[in-house]
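Worksheet for the structure shown next.
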Amino acid sequence: MSIVHILQKAVIKSLNNIYNLTVTEQDFQINLTKNEFEGDYTVVLFSLLKKNFTSPDILGIQLGNDLIKNNSKIFIAFNIIKGFLNLSIADEFWIALLKNNYDDTCYGKQPLNGKRVMVEYSSPNTNKPLHLGHLRNNFLGWSVAEILKSCGYKVFKSCIVNDRGVHICKSMIAWQMFADGATPQTNNTKGDHFVGEYYVKFNDEYKRQVAELIEKNYTQKDAEKDAPIMKAVQQMLQDWEAGEFSVIELWKTMNGWVYEGFAATYKNIGSDFDKTYYESNTYLLGKDIVQQGLDKDVFYRKEDSSIWIDLTENGLDEKLVLRKDGTSVYITQDIGLAQQKYEEYKIDESIYVIGDEQNYHMKVLKLIAQKLSVASADAIHHLSYGMVELPSGKMKSREGTVVDADDLVDEMINTARKHTEELGKVKDFTAPELVHLYKTIGLGAMKFYLLRVDPKKKMVFNPEESIDFHGFTGPFIQYTYARIKSILRKEKFDPVINISTNLLKSEKDILVAAEQFPLVISEAAKELDPSKVANYIFTLAKTFNSFLSELSIIKAESEEKKQLRLQLAIMTANILKSGMQMLGIDVPERM
RNA sequence: GGUCCGGUAGCUCAGCUGGAUAGAGCAUCAGCCUUCUAAGCUGAGGGUCAUUGGUUCGAAUCCAAUCCGGAUCACCA
């Protein structure tokens with residue numbers, strides 16, 4: 001049980017003892033004591049005064065005395081300043097915490113709780129390569145999955161590939177027009193980039209044709225509609241839906257190229273899925289749901305036979321759920337897929353890692369599912385994340401300001417190599433060891449950079465800052481870990497020695513931080529927020545570095561102190577490692 | 001226009017279920033490598049927490065209004 005919980009219970013009990021008063025955890029606050037005051041944890045008394053106490057000092061003294069009387073092994077002293085009851089916690093408590101947990105590599109994690117949850121993330125289109133925005137999505141999805149696992153959930157990672165639709169046909173048409181039979185092999189280009197080039201070529205040609213028509217006195221709108229290349233795309237989409245052999249074959253071939261490219265990228269960044277759904281298989285889902293909705297009068301049919309739902313009483317608009325030609329739209333197939341996931345995996349929670357531009361869509365999705373009383377409705381949870389912007393503004397594919405995922409990964413790994421070479425600390429590494437190290441550091445820097453901020457907020461990606469390996473960065477934490485490992489290689493740990501010593505300030509600081517790890521994990525899981533973990537391990541690493549600069553482990557004053565500090569080092573290393581793992585980041589033994 | 005999200009140091013961000021003098025990192029400046037990895041440590045400067053009003057013993061945090069920025073409101077996905 002965490003110290004905060006112990007303290008909460010103790011306060012509740014003491015108030016009951018002294019005043020026969022019943023309060024709950026919500027009635028008072030417990031904080032870490034500020035540095036400038038004596039004590040470790042603080043009970044804020046003001047809110048309790050509302051329960052008819054004369055003065056905070058009297059309440060504080062009586063409460064403080066009772067807490068110590070009943071918990072003499074934990075609380076040893078208190079002081080009261082302006083309504084804050086500051087409690088000092090016994091060194092024995094901290095040392096017991098250390099002794100019981102320092103070598104537990106699962107410290108802070110919880111056993112299986114029987115709950116099953118699916119995390120859907122990545123969800124790429126198959127007409128162009130992955131970019132920076134996908135990276136944030138991937139890292140978030142992966143990390144949230146890991147955090148939930150640490151909290152005892154059985155997690156399934158899934159991905160829905162948007163493998164059909166107009167955007168795919170654009171690349172296909174352009175390939176037919178311009179490729180002259182070229183393939184990724186003949187051009188020596190990664191498959192997804194190869195197909196992406198034709199998507200760009202389509203847009204260039206389309207723009208050219210539109211301009212041409214406007215010169216012939218077309219309006220902008222008509223020109224966009226009548227451009228021959230756009231007509232060809234629409235024809236191709238119809239042919240695809242009709243299952244025309246040559247179109248399907250081309251579609252399979254080009255998607256195949258893209259999948260090869262994606263597979264390489266996913267492998268490189270360490271991302272994978274337990275289940276991949278393809279929109280070409282799911283886009284027809286939801287027809288029976290539409291029928292259900294009509295039967296229940298949740299949906300209604302318009303004159304042109306399209307089917308709608310009226311959400312105006314929920315403050316939203318009317319929404320189409322089935323086209324007049326009888327095909328499902330995005331929202332319909334999503335309800336179908338939600339249901340399918342639920343049935344296939346028997347999940348209790350279904351998390352969607354999707355950008356915040358789809359907040360409205362996800363709201364509508366859940367609302368419709370609820371109105372239909374679909375079993376999976378309440379399980380739906382949208383992890384909405386903000387866009388990644390550049391210092392110059394938004395990424396725009398048309399202006400070529402999109403940051404390509406593969407390029408960025410390469411650049412980060414390259415920067416890691418340059419830094420490492422300059423420092424020259426691992427000259428004895430073999431070539432494969434070096435390659436592995438550069439990747440660990442480069443990817444670590446990138447993942448940490450994208451995960452360290454609140455997912456809900458949009459963020460600015462500053463290329464210069466992101467390649468900085470100092471301060472609040474992945475490599476800083478990796479470095480702290482490597483230093484600890486280096487010390488542990490030099491000095492043997494002797495677990496027999498029984499430690500009973502007074503703790504110095506910077507020794508205790510580490511334990512106070514370590515004690516919070518379990519709470520941080522459950523908080524991060526509750527909020528689906530990896531940045532909580534990132535911020536925490538950064539603070540812990542800083543605390544440890546500060547300790548290390550002040551006190552020596554190997555040259556400790558006594559054997560007992562040396563053993564104590566070795567245990568502190570081991571525990572810190574374990575927490576840093578498992579925290580980083582929850583972010584999808586490896587830690588190197590040396591760097 | 002409706003709805004939703006955001007505005008904290010030069011920059012990037014914490015803090016937001018109300019609590020003590022608003023915190024980090026980067027950048028700037030000043031120190032620390034015969035001593036466990038200097039990708040480190042210590043210190044300094046830097047703030048009208050967008051604005052105004054309200055609630056409260058107490059507001060960056062809650063409420064209202066205003067200003068600024070963004071997203072969204074498709075028979076696209």
*Have a look at D317(A) and say if it touches a base, only the backbone sugar-phosphate, or nothing, with a 4.0 Å heavy-atom cut-off.*
sugar-phosphate
*Side chain of F84(A) only, please: which of U37(B), A20(B), C41(B) is the nearest?*
A20(B)
*Closest to the M591(A) side chain, choosing from G40(B), G70(B), A39(B)*: A39(B)
*If you look at every strand shown and take non-hydrogen atoms under 4.0 Å, does Y479(A) touch a base, only sugar-phosphate, or nothing?*
base
*Taking the P atom of each, how far is C62(B) from C4(B), in whole Å?*
16 Å
_Measuring to OP1 and OP2 of U42(B), would you say a side-chain N or O of S546(A) lies under 4.0 angstrom away?_
yes
*Sticking with atom C1', work out how far A74(B) lies from A14(B), rounded to a whole angstrom.*
39 Å
*So what does L548(A) touch, heavy atoms closer than 4.0 Å: a base, only the sugar-phosphate, or nothing?*
base
*In terms of side-chain heavy atoms of K363(A), which of U3(B), G7(B), G40(B) is nearest?*
U3(B)
_With hydrogens left out and only the distance checked, is there a donor-acceptor pair under 3.5 Å joining K555(A)'s side chain and the base of U35(B)?_
no
*What distance, rounded to whole Å, do you find between the two C1' atoms, one in U12(B) and one in U51(B)?*
24 Å
*Judged by atom type as modelled, is there a donor-acceptor pair below 3.5 Å linking the side chain of T473(A) to the main-chain atoms of A445(A)?*
no
*asked:* What contact category does N86(A) fall into here, base, sugar-phosphate, or nothing, at under 4.0 angstrom with non-hydrogen atoms?
replied: base
_Base of A24(B) paired with side chain of T539(A) (donor-acceptor, under 3.5 Å)_ = no
_Distance-only donor-acceptor test (3.5 Å): side chain D304(A), base C75(B)_ = yes
*With a 4.0 Å cut-off on heavy atoms, is E279(A) in touch with a base, just the backbone sugar-phosphate, or nothing at all?*
sugar-phosphate
_Let's see if you can work this out: which of C13(B), C36(B), A39(B) has an atom nearest to the side-chain heavy atoms of V460(A)?_
C13(B)
*Side-chain donor-acceptor contact under 3.5 Å, T126(A) with N255(A)*: yes
_For the backbone of I160(A) and the side chain of E279(A), can you confirm whether one donor and one acceptor N or O come within less than 3.5 Å of each other?_
no
*When the C1' atoms of G70(B) and G31(B) are considered, how many whole Å apart are they?*
44 Å
_Nearest to side-chain heavy atoms of E36(A), which nucleotide of U21(B), U37(B), A39(B)_ = U21(B)
*asked:* Taking the C1' atom in each of C26(B) and G40(B), what is the distance between them to the nearest angstrom?
replied: 16 Å
*Side chain of K324(A) - closest among C75(B), A20(B), C13(B)*: C75(B)
*S280(A) versus D163(A), side-chain donor and acceptor atoms under 3.5 Å*: yes
*asked:* For the residue pair E120(A) / S158(A), report whether a side-chain donor-acceptor contact shorter than 3.5 Å exists.
replied: no
*Y481(A): side chain to side chain donor-acceptor pair (under 3.5 Å) partners, not counting sequence neighbours*: E589(A)
*Does the ring of F476(A) meet both stacking tests against the six-membered base ring of A39(B): centre distance under 5.5 Å and plane angle under 30°?*
no
*Give a yes/no on whether any side-chain N or O of R489(A) is located under 4.0 angstrom from OP1 or OP2 of C36(B).*
no
*Ion pair check, K231(A) and D226(A), cut-off under 4.0 Å*: yes
*Choosing from U12(B), C73(B), A20(B), which nucleotide comes nearest the side chain of I81(A)?*
A20(B)
*Grab the stems for RNA chain B, please: at least three consecutive Watson-Crick or wobble pairs, both distances below 3.5 Å, written as range with range.*
B:1-7 with B:67-73, B:10-13 with B:23-26, B:28-32 with B:40-44, B:50-54 with B:62-66
*Can you figure out which of C41(B), U37(B), U72(B) approaches the side chain of K490(A) most closely?*
U37(B)
*Looking only at atom P, what distance separates C11(B) and U28(B), rounded to whole Å?*
16 Å
*Which nucleotide in the set A14(B), G40(B), A24(B) lies at the smallest distance from any side-chain heavy atom of F538(A)?*
A24(B)
*Classify the nucleic acid contact of F469(A) as base, sugar-phosphate or nothing, counting any heavy atom under 4.0 Å across all strands shown.*
base
*How about E433(A) and Y438(A): does a side-chain donor come under 3.5 Å of a side-chain acceptor?*
no
*Spell out yes or no: do the side chain of D468(A) and the base of A39(B) have one donor N/O and one acceptor N/O closer than 3.5 Å?*
no
*Ring stacking, F37(A) with base of A20(B), under 5.5 Å and under 30°?*
yes
*Hey, which sits more toward the 5' end of RNA chain B by its nearest nucleotide, N545(A) or S328(A)?*
N545(A)
*Spacing of the C1' atoms in C13(B) and A60(B) (rounded, Å)*: 15 Å
*Between D304(A) and S306(A): side-chain donor-acceptor atoms closer than 3.5 Å*: yes
*For the side chain of D454(A), starting at C-beta, report the closest nucleotide among A14(B), A77(B), C36(B).*
A14(B)
_For a quick test of reading the model: is some side-chain N or O of H470(A) closer than 4.0 Å to OP1 or OP2 of G25(B)?_
no
*Which value, in whole Å, describes the distance between the C1' atoms of nucleotides A22(B) and A59(B)?*
12 Å
